[in-house]
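Index from 1, following the sequence. Whatever order the structure lists ligands and atoms in, that order sets their numbers, starting from 1. Because the structure is a prediction, the values reported are computed rather than measured.
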Amino acid sequence: MDTKVYYLDRNNPDFDVLKYAGSVIRGGGTVVFPTETVYGLGANALDAKACKKIFEAKGRPQDNPLIVHVCSTSIDDFVEKIPDRAKKLMDRFWPGPLTIIFKKSKLIPDVITAGLDTVGIRMPSNNIARELVRQSGVPIAAPSANLSGRPSPTNVKHVIDDLYGKVDVILGGGNCDVGLESTVVDMTERPAILRPGGITYEQLKELIDDIYIDPAVMKKPDKNFRPKAPGMKYRHYAPKAKMVLIRGGLEDVVGKINELCRENMSKGLKVGILSTEQTYDKYPFGTVLSMGDRKRPETIAANIFDRLRQFDDLGVDLILSEAVEEKNIGLSIMNRMKKAAGYNIINI
Ligand code: AMP
Ligand code: MG
C-alpha cells in the first residue's frame, strides 16, 4: 500500500492536509494521527469494514475493542445514556487522556467493541486529533498506532517503523506530551479503573469517591483470567530483549543492577540499563539510557516507550530497569513497565 506522510505543526496545522485526511477517513481509509497520549491508528467508527482494516494493519486480536475518538461532548447518538457521574468526568477531564466506558447505541458496530454491549469514548486534547475528527465528520475509532504487542508509538519515527506501507496516511505532529495511553474508566457499574493512564487515580478520586482500581491492573493475570477490559490479557508494550525490573531502595537497586550487568556481560550478552537522571552516572558498564527525572515522573511517562524502542534498535539482549514509585502517574508507568517485563520483577 502507498502510504502518504505529512508533517504538521501542532500549533498551526495545515488545514488542507487535515481536510484531505478527513476525506480519507470518510471514504473508509486509515489515518495515523498524533494525540496527547500516543499516536492513534484511525478509521471511521461507524463503518465496520473500515475498522477491520485497523485490526489487519496492527495484527490486533479481534476480541480487543477500540476506543472511539470524538471532538465534542455531544455523544448521545453513540451511547444508550450518559450517567450523571460520567457527565461530571467529561466536564472535568475532556478534552484529555480519559476514556469513559458507556453502554453503546446501535450505531456503534460490533467490530469496534469486540461484541461487548459497551463502548469506550474519549475526546483528545491534541489539536490535530480533534481537528481531524471534525474534518472527517464522523467519530474515529483508534487504538495505538503500533504493531500489536510492541511499545506504543510516541513519535512519528515509531509509527513509520511499524506501519509504513500498511495505512493510507500518516500525520506527524511531534512527540506526544503524556506518552502513555489514556486512563480507561468503566462508568456502567460501580466506577472502576480498567487501565491506569494519563489521568491518575488520585485525580479521579477527587470527583468519584468510591472509584476503585480493578485488581487485574497491577498483577499478573492467571490462566483463567476473564478481564473486563479485553486488552488486559495480552502481552503488551514488549521490547525484543528480555526485561527485568528491579525494585527497592535506590542504592540497593543500583548495586543489584551493576551486579547483574557484570554477570550477564561476562556471559557475552549485550546489556541495556534503564536509569533515571538521578542514577545515570552510577552505572559504569552496559548501555545506559535515562528514562527521565524521578522528581518529575511525567518526564518518565513521556520517554518510557521511546527508550524501550531504542533498546530494540541497539540490539541489546537484556534490559535491567529501575522501578518507580506506584503513585500518581507512577502507577501508570509501572503498569506499562511490568507488562513490558512480562512481570519479571526482583524485589530487594
Ligand atoms: P489501545 O487503544 O490499543 O490502547 O487499546 C484500547 C484499550 O481500551 C484496550 O485495552 C481495551 O480493552 C480498552 N477498551 C476499549 N473499549 C472497551 C470497552 N467497551 N470495555 C472495556 N475496555 C475497553
Ligand atoms: Mg495499544
One finds that the ligand 1 atoms under 4.0 Å from a non-hydrogen atom of Ser144 are 1 (P), 2 (O), 3 (O)
Contact check: Glu181 vs ligand 1, nitrogen or oxygen atoms, below 3.5 angstrom: no
Which one holds for Leu116 and ligand 1: side chain close, backbone close, both close, or neither close, with close meaning a heavy atom under 4.0 Å? side chain
Show me which atoms of ligand 1 lie under 4.0 Å from any heavy atom of Arg195. 1 (P), 4 (O), 5 (O), 6 (C), 7 (C)
Closer than 2.8 Å to the Mg ion (ligand 2): does that hold for any N, O or S atom in Ser144? yes
Nearest candidate to atom 23 (C) of ligand 1, where distance is taken over non-hydrogen atoms, out of Ile101, Thr118, Leu194: Ile101
Given the side-chain rings of Tyr237 and Phe305, with only the six-membered ring counted for Trp, is the space between their centroids under 6.0 Å? yes
Location of contacts on Arg60 toward ligand 1, heavy atoms closer than 4.0 Å: side chain
Does one hydrophobic cluster hold both Ile257 and Leu314, with members joined at side-chain heavy-atom distances below 4.5 Å? no
Ligand 1 versus Asn64: contacting region, heavy-atom distance under 4.0 Å: side chain
Do Arg26 and Ser136 get their side chains close enough for a donor-acceptor pair, meaning under 3.5 Å? no
Checking heavy-atom distances from atom 8 (O) of ligand 1 to each of Asn146, Ile67, Leu180, Ile54, the winner is Ile67
Examine Ile348 and Met243 and state if one hydrophobic cluster contains both, with Ile, Leu, Val, Met, Phe, Trp and Tyr joined whenever side-chain heavy atoms are less than 4.5 Å apart. no
Co-membership, hydrophobic cluster, residues Ile208 and Phe102, 4.5 Å side-chain: yes
Separation between OG1 of Thr118 and NZ of Lys104, rounded to the nearest 0.5 Å: 9.5 Å
Membership question, hydrophobic clusters at under 4.5 Å side-chain separation (ILVMFWY): are Phe311 and Tyr280 in the same one? no
